Amino acid sequence: MTQPLLDNWTQQDFDTVEEGVLVARHNLVDTGLFTDDALADIIDTHPAEDLSINTMGVDPNVFDWREGERNGVSGRELVQLVRDGQLWINCRKMLDNNPDYARVFNQLYDEIEAGKPGFQAQQRTANLLISSPTAWVPYHVDMPVNMLWHIRGTKRVWVYPHFDKRFASGEVLEKVCSGEWSEDVPYDPSFDRYALVYDAQPGQLITWPQLAPHRVRNLDGLNVSLSTEHKNPRAKRRINVHTANHLMRTRFGVACKSIDVEGFAAHTKQTLARAFRVAGKFAGKEKEQFVYPKTFVVDPDAPHGYRMKEGVESSVVAPHEELEATGV
């Protein structure tokens with residue numbers, strides 16, 4: 001009999017999924033799938049197009065998130081560079097690319113579905129995150145429902161009130177859901193007084209409602225986490241509502257402030273978003289999500305494990321930073 005991966009969940013734990021912030025236990029640590037050797041093997045066998053290497057600079061008060069090139073460094077050496085440097089590796093689409101891991105990741109969702117009647121985890125994805133002891137991820141929102149399964153090291157997670165326009169306005173979420181922006185959004189340190197703060201330990205899950213702003217800072221050790229995402233009819237409709245609001249504002253000059261996902265208006269907006277998406281495909285203009293250009297290369301001999309490419313600007317300007325101080 002397969003051993004459960006969810007560790008002593010209560011019915012309240014199951015009921016909180018997607019509805020609030022949940023901290024619960026899991027047994028991924030005991031699978032043996034996340035040792036240094038296993039991580040090196042994943043890096044060496046993972047498709048290059050689904051593996052990204054990032055750095056974030058050394059000052060969490062300065063936005064400096066960058067995408068880089070692996071530069072032929074082996075998986076074993078890259079794991080060591082992450083341990084000693086300032087890097088963040090994202091192995092995307094683990095369900096598609098790693099069958100042994102996919103069985104374990106799907107078991108997590110199957111156990112949640114069994115424990116929460118009516119819960120659906122469709123369009124499942126899983127990304128393996130391997131990051132340096134002092135790495136950090138800026139304030140952002142995830143479009144699908146996100147679950148952070150922490151496995152090694154310790155990290156601090158700030159989760160901010162969801163569906164509260166003080167922390168991510170309607171227009172901000174429109175830009176993210178429509179693909180105009182990356183998932184990085186405007187942040188002010190004053191937001192922190194309203195945040196829930198958790199220090200994630202190995203074997204802990206932290207999850208929050210869809211589109212809830214959050215940020216992360218590692219505290220100690222080589223950090224390994226599994227970030228899983230899923231959608232269901234309500235989650236897809238929420239993205240479509242924001243996308244339709246963006247279309248109405250930018251194409252027709254109509255400001256639609258409601259972000260409700262239930263009722264006639266929400267379903268109408270979903271139809272509008274889908275119609276524009278289909279029309280874009282016929283016109284050869286499919287929706288594209290913003291991505292950062294590759295501005296550095298991994299270098300074992302360089303400070304923090306990387307060096308900038310020639311001619312690269314010393315600072316990064318994300319889409320949300322191009323805004324003037326308008327309160328958007």
Side-chain angles (χ1 to χ4, degrees), residues 18-21 63 65 123 137-147 157-196 207-216 229-280 285-292 317-328:
E18 290 192 352
E19 307 302 328
V21 180
F63 185 91
W65 188 260
Q123 295 179 243
V137 180
Y139 188 78
H140 68 287
V141 297
D142 296 300
M143 284 191 290
V145 184
N146 182 260
M147 309 182 83
V157 182
W158 290 259
V159 182
Y160 301 80
H162 57 285
F163 310 143
D164 188 325
K165 295 181 180 180
R166 293 175 298 172
F167 306 100
S169 71
E171 188 171 342
V172 163
L173 296 180
E174 290 173 23
K175 290 176 179 289
V176 173
C177 291
S178 66
E180 183 177 335
W181 280 4
S182 69
E183 294 179 335
D184 302 311
V185 298
Y187 164 73
D188 189 289
S190 65
F191 294 171
D192 289 357
R193 64 185 295 187
Y194 302 99
L196 297 175
T207 185
W208 43 79
Q210 185 182 14
L211 292 174
H214 55 281
R215 63 186 183 93
V216 180
E229 297 180 336
H230 67 273
K231 296 178 183 176
N232 49 42
R234 185 175 65 170
K236 288 185 282 189
R237 189 161 59 251
R238 178 166 284 116
I239 295 170
N240 282 325
V241 163
H242 287 295
T243 301
N245 286 351
H246 181 75
L247 290 168
M248 293 294 292
R249 180 174 54 80
T250 58
R251 299 292 184 92
F252 307 112
V254 177
C256 296
K257 296 183 178 180
S258 173
I259 60 173
D260 290 342
V261 295
E262 304 297 342
F264 177 77
H267 286 273
T268 301
K269 289 178 181 179
Q270 176 162 267
T271 300
L272 173 65
R274 287 175 171 171
F276 267 81
R277 196 172 299 126
V278 171
K285 297 180 179 179
E286 295 192 44
K287 173 183 174 182
E288 294 185 4
Q289 193 70 31
F290 175 88
V291 294
Y292 289 98
V317 178
H320 70 272
E321 291 194 318
E322 294 177 349
L323 289 173
E324 295 180 357
T326 58
V328 173

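Predicted model only: the values in this text are computed from it and were never measured.
Atoms CE and CG, on Met248 and Leu272 in that order, are 6.5 Å from each other to the nearest 0.5 Å. Rounding to the nearest 0.5 Å places OG of Ser178 at 7.5 Å from NZ of Lys175. For the atom pair Arg249 CZ and Cys256 SG, the distance stands at 10.5 Å (nearest 0.5 Å). Rounding to the nearest 0.5 angstrom, the gap separating the NZ atom in Lys236 from the CZ atom in Arg274 is 7.0 Å. Rounding to the nearest 0.5 Å gives a distance of 4.5 Å between NE2 of His242 and CG of Leu173. Summarising the geometry, atom CG belonging to Asn245 is positioned 8.5 Å from atom CD1 belonging to Ile259; distances are rounded to the nearest 0.5 Å.
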Report task. Apply side chain to side chain contact (heavy atoms under 4.5 Å, CB included) to the pair Val21 and Thr207, showing each step before the final yes or no. Result -> CA-CA 6 Å; Val21 180; Thr207 185; over 6 Å; no

Report task. Step by step, work out the side chain to side chain contact (heavy atoms under 4.5 Å, CB included) result for Glu229 and Met147. Result -> CA-CA 6 Å; Glu229 297 180 336; Met147 309 182 83; over 6 Å; no

Query - Worked check of side chain to side chain contact (heavy atoms under 4.5 Å, CB included) between Thr243 and Glu174 - result: CA-CA 6 Å; Thr243 301; Glu174 290 173 23; over 6 Å; no

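Note: Phe191 and Tyr139 meet the aromatic proximity criterion, with ring centroids under 6.0 Å apart. In this structure, the ring of Tyr194 has its center less than 6.0 angstrom from the ring center of Phe167.
Between Val176 and Val185 the shortest heavy-atom distance is CG2-CG1, 3.7 Å. The heavy-atom pair separating Arg193 from Ser190 by the smallest distance is CG-O, 3.2 Å. The nearest pair of heavy atoms linking Ala273 to Ala244 is CB-N, 4.3 Å. Here the shortest heavy-atom pairing between Pro186 and Val172 reads CD-CG2, 4.2 Å. Here the closest non-hydrogen pair linking Val261 and Arg234 is CG2-CG, 4.0 Å. Closest approach of Ala168 to Pro213, counting heavy atoms only: CB-CG, 4.0 Å.
Arg237 and Gln270 share no donor-acceptor pair across their side chains, judged by distance under 3.5 Å alone. In the model, Tyr160 has a side-chain atom that pairs as donor or acceptor with a side-chain atom of Arg215 under 3.5 Å. Of the N and O atoms on the side chains of Asn232 and Glu18, at least one donor lies less than 3.5 Å from an acceptor on the other residue. Of the N and O atoms on the side chains of Gln123 and His230, not one donor lies less than 3.5 Å from an acceptor on the other residue.
Considering only heavy atoms from C-beta on, Pro209 stays 4.5 Å or farther from Glu19 through its side chain. Using a 4.5 Å heavy-atom threshold, the side chains of Tyr292 and Asp184 count as touching. Side-chain contact between Lys269 and Ser258 is present, with heavy atoms from C-beta onward closer than 4.5 Å.
Ring geometry for Trp208 versus His214: interplanar angle of 30 to 60°, hence tilted.
Side-chain atoms of Thr268 come within 3.5 Å of backbone atoms of Phe264 as a donor-acceptor pair (strictly under, hydrogens ignored). In this structure, Gln210 contributes its side chain and Pro144 its backbone to no donor-acceptor pair below 3.5 Å. The backbone N or O of Arg166 sits less than 3.5 Å from a side-chain atom of Asp164, completing a donor-acceptor pair.
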